[in-house]
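Worksheet: the structure to be examined is printed underneath.
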Number of protein chains: 2
Amino acid sequence: MSNIDLLKSNSLKATPQRLCVLDILEDCGHATLDDIQTITREKFPTLSISTIYRNLNEMIEKGIVSEIKITRKQHFEISKEKHLHLYCKECGKLEDFDFKTESFTKEIEKLANCKVLNDVVNLEIICEDCLKKHNK
Amino acid sequence: MSNIDLLKSNSLKATPQRLCVLDILEDCGHATLDDIQTITREKFPTLSISTIYRNLNEMIEKGIVSEIKITRKQHFEISKEKHLHLYCKECGKLEDFDFKTESFTKEIEKLANCKVLNDVVNLEIICEDCLKKHNK
DNA sequence: TTCTGTGCAAATCTTTTGCATGGCA
DNA sequence: TGCCATGCAAAAGATTTGCACAGAA
C-alpha cells in the first residue's frame, strides 16, 4: 500500500507535508524529530514544526506511525510487523531486527493472564561491531 | 542494603532529599516526576524541582535508579533484578512482573551476535481486570 | 462553500544552569 | 575551611494552542 493510500484509508488527506514525513520514515527506518525537521526543511523550507508535531500525533493516534521509546530522544517509525529494536548503547545505532516475538509474549500472556499488545520489543545492546572493538 | 548505604557506596551523600526520593520509589515501585514532586512536597515543602531532577539524573548515572520508558510520562524505579514491566494501556496501571528474561535475550544474542544489556523488558498489555470487563 | 490542514506566533510545559547560601566533615 | 548539595530564579528546550489564511472536495 502506498503512503497516499495509507493516509486516505485512515481519513487523513495526503498532503505533501504528511507524505514527506512518511517518506523520511520509510527511507531512514526510524527518525527523531530533529531528523524529520532537518530533512523536511530541505524540501519544504516553510514547513513548520507545529505541523510536524500535529501530523505525527495524528498518525500515531491512527496507528500509522509508532513511537520508539528507548533513547532519551524518542524515535518514530511507520508501524510494521512484530520485530525488535536493538539500540547499541555504545555507538548509538538503532536497528530493526526481524524476530517473531510471539513465543515470548504468549508465555507472558499465560503467566500473567493478560493480553500483550506489543508488536515491538526494545532492547539495549552492545552491537557486533562494538564488541569486536573491545576484543582488539 | 539500606538506602543510606546505597547512596554512600556510590559516593553520594545521604541527604534527606535523596532519601525521600528513594523512599517514594521503594514504596510505589515506580513513580513519575509528578508523583515524586507531589509526595516530596508534603515532607519538604521547599524541596525544589531542580533538586529532584539533579538527583534523579545523578542516581541514574550511578545506576541506582532506572528510567522506565514506556508511557509518555517516564517513570523511575530503584534498579533491580531482571524483570518485566507490564503497562495496561486501558487502565494505565504499570506493574512489575517477575520473569527471568534470560532465555529470550540469550536467543537474541545468538542470532544478532550482540550483547543484550536489558535487565528489564517493557510490554504494553491489557491486564486481567480489564479483560474481564470486556467479557461482561 | 465548507472542511481540513498549514504557518506563524504566542503560550505552556519540561528540563537544565548559574549562583549565592547553608550544612556537614 | 572546604566541599558538596540545595533553593531560587532565569534560561533554554520541547510541545501545544489559537487564529487567520490557503487549498482541495
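Note on naming: letters A, B, ... go to the chains in the order of the sequence lines (proteins, then strands), and numbering restarts at 1 for each one.
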Enumerate, atom names and distances included, each donor-acceptor pair closer than 3.5 Å involving a side-chain atom of residues 28-36 of chain A, sequence neighbours excluded.
unit_1  : atom_1 : unit_2  : atom_2 : d
A:His30 : NE2    : A:Asp96 : OD1    : 2.8
A:Thr32 : OG1    : A:Asp34 : N      : 3.4
A:Thr32 : OG1    : A:Asp35 : N      : 3.1
A:Thr32 : OG1    : A:Asp35 : OD1    : 3.3
A:Thr32 : OG1    : A:Asp35 : OD2    : 3.1
A:Asp34 : OD2    : A:Lys73 : NZ     : 3.0
A:Asp35 : OD2    : A:Thr32 : N      : 2.9

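Between B:Lys89 atom NZ and B:Ile125 atom CD1 the span is 12.0 Å, to the nearest 0.5 Å. Separating the CG atom in B:Leu47 from the CG atom in B:Asn55 is a distance of 8.0 Å, to the nearest 0.5 Å. Between the CZ atom in A:Phe97 and the NE2 atom in A:His83 there is a gap of 12.0 Å [rounded to 0.5 Å]. Taken to the nearest 0.5 Å, the SG atom of A:Cys20 stands 11.5 Å off from the CZ atom of A:Arg41.
Atoms CD (A:Gln37) and P (D:dG13) sit 13 Å apart, rounded to a whole Å. With rounding to whole Å, B:Asn10 atom CG is found 16 Å from D:dC4 atom P. Separating the CG atom of A:Leu12 from the P atom of D:dG23 is a distance of 20 Å, rounded to the nearest angstrom.
Residues of residues 43-72 of chain A having a heavy atom closer than 4.0 Å to DNA chain C, listed by number: A:Thr46, A:Leu47, A:Ser48, A:Ser50, A:Thr51, A:Arg54, A:Asn55, A:Arg72. Near DNA chain C, meaning a heavy atom under 4.0 Å away, the residues from residues 16-29 of chain A are A:Gln17, A:Arg18.
B:Ser2 has its side chain within reach of B:Asp5: a pair of non-hydrogen atoms, C-beta onward, lies under 4.5 Å apart.
Both A:Gln74 and B:Thr15 sit near DNA chain D, but only B:Thr15 has its closest nucleotide nearer the 5' end.
Hydrophobic clustering, with ILVMFWY side chains joined whenever heavy atoms are under 4.5 angstrom apart, groups B:Val121 together with A:Leu84.
Of the possible polar contacts, none joining the A:Glu67 side chain to the A:Phe76 backbone as a donor-acceptor pair under 3.5 Å is found. Formation of a donor-acceptor pair under 3.5 Å by the B:Asn10 side chain with backbone atoms of B:Leu12 is not found in this model. For the pair B:Arg18 (side chain) and B:Leu7 (backbone), a donor-acceptor distance under 3.5 Å is absent.
For B:Lys13 and D:dC3, the shortest distance from a side-chain N or O to OP1 or OP2 is not below 4.0 Å.
Paired runs in DNA chain D that reach 3 or more consecutive Watson-Crick or G-U pairs, where each pair keeps both distances under 3.5 Å, cover C:1-25 with D:1-25.
Here chain B contacts DNA chain C (any atom closer than 4.0 Å to a heavy atom, that is under 4.0 Å), and the contacts span C:dT14 to C:dG18 from 5' to 3'.
For the residue pair B:Asn3/B:Glu26, the side-chain donor-acceptor check at 3.5 Å is satisfied.
Applying the ring-ring contact (aromatic ring centres under 6.0 Å, His included) test to every pair with at least one member in residues 109-136 of chain A, sequence neighbours left out, gives no pairs at all.
For CG of A:Asp27, the number of neighbouring non-hydrogen atoms (other residues, nucleotides, ligands) closer than 6.0 Å is greater than 12.
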